[in-house]
Amino acid sequence: MSSSSFLFGAATSSHQVEGNNIHNDWWAFEQTHPGFPKSGLACDHWNRWREDLVLAKQLGHTAHRFSLEWSRIEPKEGQFNRAVIEHYREVLLELKRLNMKSFVTLHHFTNPQWFALQDGWLNGEAPDKFVRYVKYVAQQLAGLVDFWVTINEPNVYASQSYFWGKWPPMKKSSWQTAVVFHHMITAHRLSYRAIHSAVPSSKVGIAQSVIADVPARQGFMSDLLAVHFSGYRYNHYFLRASKGHHDFIGLNYYFARCRQLTLWPLRLKTLPIGGPVSDMGWTIFPKGLTQVLIDFRQYKKPLYVTENGIADADDSKRADFIRAHLKAVEAAQAQGADVRGYLHWSLLDNFEWADGFKPRFGLIEVDYATQARHIRPSAYVYKAIIEQSRNV
Ligand code: BGC
């Protein structure tokens, strides 16, 4: 990496690791939909967070990303739970003690049940309700957070929950998807201002899900047009609509896709890109990370890879995956992208939403029967890269 201050670490999110998040909409959904995976105790990280952070430190991490569970902090509308804030304060103090930078996500796919019952992000008052929580948290945790991530992947949340109908509340409506997305843009802008008014020097951004689009056929203008159009819609729309409200940009990168536009009949196609795949069937394509980082130079803001990882239960591909993606980051830096950190997804195996506990994304394996942690060999490979890079 081009600087010894480059941050290395891993990321998690509350509902995926904490366990017993009984006040959120996912939990409610899990109980009422037979066959839908149940998060249950997850990794019991709510109780085991200290030992998990110590493991991250032992693995050489210099930063850690996690999310606050809104439904724990505000289980009833307007009523904030002080004990929960104290819990997160302890986590942040421990990170400081371990000399690790913190990335704190305020919304990672889950909502309090009371909020969901009021139509969730479709409600015109949703941004204000979210910002009331953000203000409270920003005041309570002032000075302890290094990087605030207001919303994780608004494009994924809006489309999975309101377009594809795969996540609660399982709607399938283009109109609702657009409304939710725009309310999240407003919520981000308001949160940016609220956090800055609590602590003016705060660094605030989002974690944007990005896909590297490549043309299916060389030399076809229509495919290039398709690539451009898809990139604008998926990667850039939110950022452009919230321009002036980002101190840094977080990018979550997992895969690439081929785009093809045929004019007669008029059809935009997504084709597989080919090559080795993860346990999720996602093609491993490190070059795509370089491509998006270079593309994001246009914002002239520091860039952080806030997620990048692989479901790989037998850990046969993860080490190469990490090596190749860090090389891809270096290649982007060499071409002028101001990339300042890389957070692997994930520190621990965890609850992979509608796919349950089967996919294994962790640098650390979790035995869900005993909650024992086992460090995977690839985590040591990552550690060696971190140490080497910090000694340069
Ligand atoms: C999400 C994570 C998820 C990961 C792997 C990202 O889109 O932020 O919550 O576990 O992808 O699917």
Side-chain angles (χ1 to χ4, degrees), residues 9-19 21 24-27 29-30 36-37 39 42-43 45 52 64-71 103-111 147-164 166-168 181 184 188 205-212 234-235 238 249-257 277-285 288-289 292 304-313 317-318 321-322 325 341-366 368:
T12 62
S13 92
S14 53
H15 193 65
Q16 294 181 269
V17 295
E18 284 181 350
N21 266 319
N24 74 31
D25 54 348
W26 267 83
W27 182 276
F29 200 83
E30 291 162 20
F36 204 76
S39 55
C43 311
H45 184 68
D52 291 337
H64 180 67
R65 175 175 173 226
F66 68 102
S67 76
L68 307 184
E69 178 59 36
W70 179 10
S71 66
F103 285 75
V104 174
T105 312
L106 289 157
H107 186 274
H108 198 124
F109 300 157
T110 56
N111 302 296
F147 298 89
W148 293 97
V149 175
T150 56
I151 304 179
N152 180 68
E153 303 186 343
N155 52 355
V156 171
Y157 174 76
S159 59
Q160 292 286 78
S161 298
Y162 290 89
F163 185 77
W164 298 113
K166 289 191 179 160
W167 294 355
F181 194 59
M184 287 189 143
H188 170 76
I206 61 158
Q208 170 72 29
S209 167
V210 286
I211 296 180
Y234 193 84
N235 294 349
F238 191 100
I249 296 172
L251 286 95
N252 294 356
Y253 173 75
Y254 288 90
F255 49 75
R257 62 186 172 186
V277 296
S278 72
D279 294 351
M280 300 287 277
W282 299 349
T283 304
I284 302 169
F285 193 70
L289 180 56
V292 286
Y304 293 87
V305 178
T306 36
E307 281 182 37
N308 171 242
I310 177 169
D312 180 28
K317 297 179 180 148
R318 190 173 286 100
F321 180 97
I322 293 173
H325 284 81
Y342 173 90
L343 301 166
H344 190 76
W345 184 269
S346 177
L347 180 65
L348 304 163
D349 285 340
N350 59 50
F351 178 69
E352 178 58 21
W353 307 112
D355 290 304
F357 288 105
K358 196 154 174 267
R360 298 283 184 158
F361 276 93
L363 291 167
I364 300 171
E365 182 187 345
V366 176
Y368 294 113

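Remember, it's 1-based here, ligands and their atoms both numbered in the order they're listed.
Ligand 1 has an N or O atom lying under 3.5 Å from an N or O atom of Trp353, backbone or side chain. Residue Trp282 places no N or O, backbone or side chain, under 3.5 Å from any N or O of ligand 1.
Ligand-side atoms of ligand 1 in range of His108: 1 (C), 2 (C), 8 (O), 9 (O), range being under 4.0 angstrom from any heavy atom. For ligand 1, the atoms closer than 4.0 angstrom to any heavy atom of Glu153 are 1 (C), 6 (C), 7 (O), 8 (O). Which parts of ligand 1 touch Gln16 is read off a 4.0 Å heavy-atom cut-off, strictly below it: atoms 2 (C), 3 (C), 9 (O), 10 (O).
The protein heavy atom nearest to atom 3 (C) of ligand 1 is Glu352 OE1, 3.6 Å. Looking only at protein heavy atoms, the nearest one to atom 4 (C) of ligand 1 is Tyr254 OH, 3.4 Å. The closest protein non-hydrogen atom to atom 6 (C) of ligand 1 is Glu307 OE1, 3.0 Å.
Looking at every heavy atom in both residues, Phe361 comes nearest to Asp349 through N-OD1, 3.5 Å. Summarising the geometry of Gly309 relative to Phe321, their closest heavy-atom pair is O-CZ, 3.3 Å, with the distance given to 0.1 Å.
Glu307 places a side-chain heavy atom less than 4.5 Å from the side chain of Tyr254. Contact annotation: the side chain of Trp345 never approaches that of Asn252 to less than 4.5 Å [non-hydrogen atoms, C-beta and beyond].
Remark: the Thr12 side chain and the Ser346 side chain contain no N/O donor-acceptor pair separated by less than 3.5 Å.
Using cut-offs of 30° and 60° for the angle between ring planes, the Trp26 and Trp353 rings count as tilted. Taking the six-membered ring where tryptophan is involved, the planes of Phe351 and His15 are perpendicular, since the angle between them exceeds 60° and thus also 30°.
Looking at Met280 against ligand 1, nothing comes within 4.0 Å, counting heavy atoms.
Ligand 1 has at least one atom lying under 4.0 Å from a heavy atom of Asn152.
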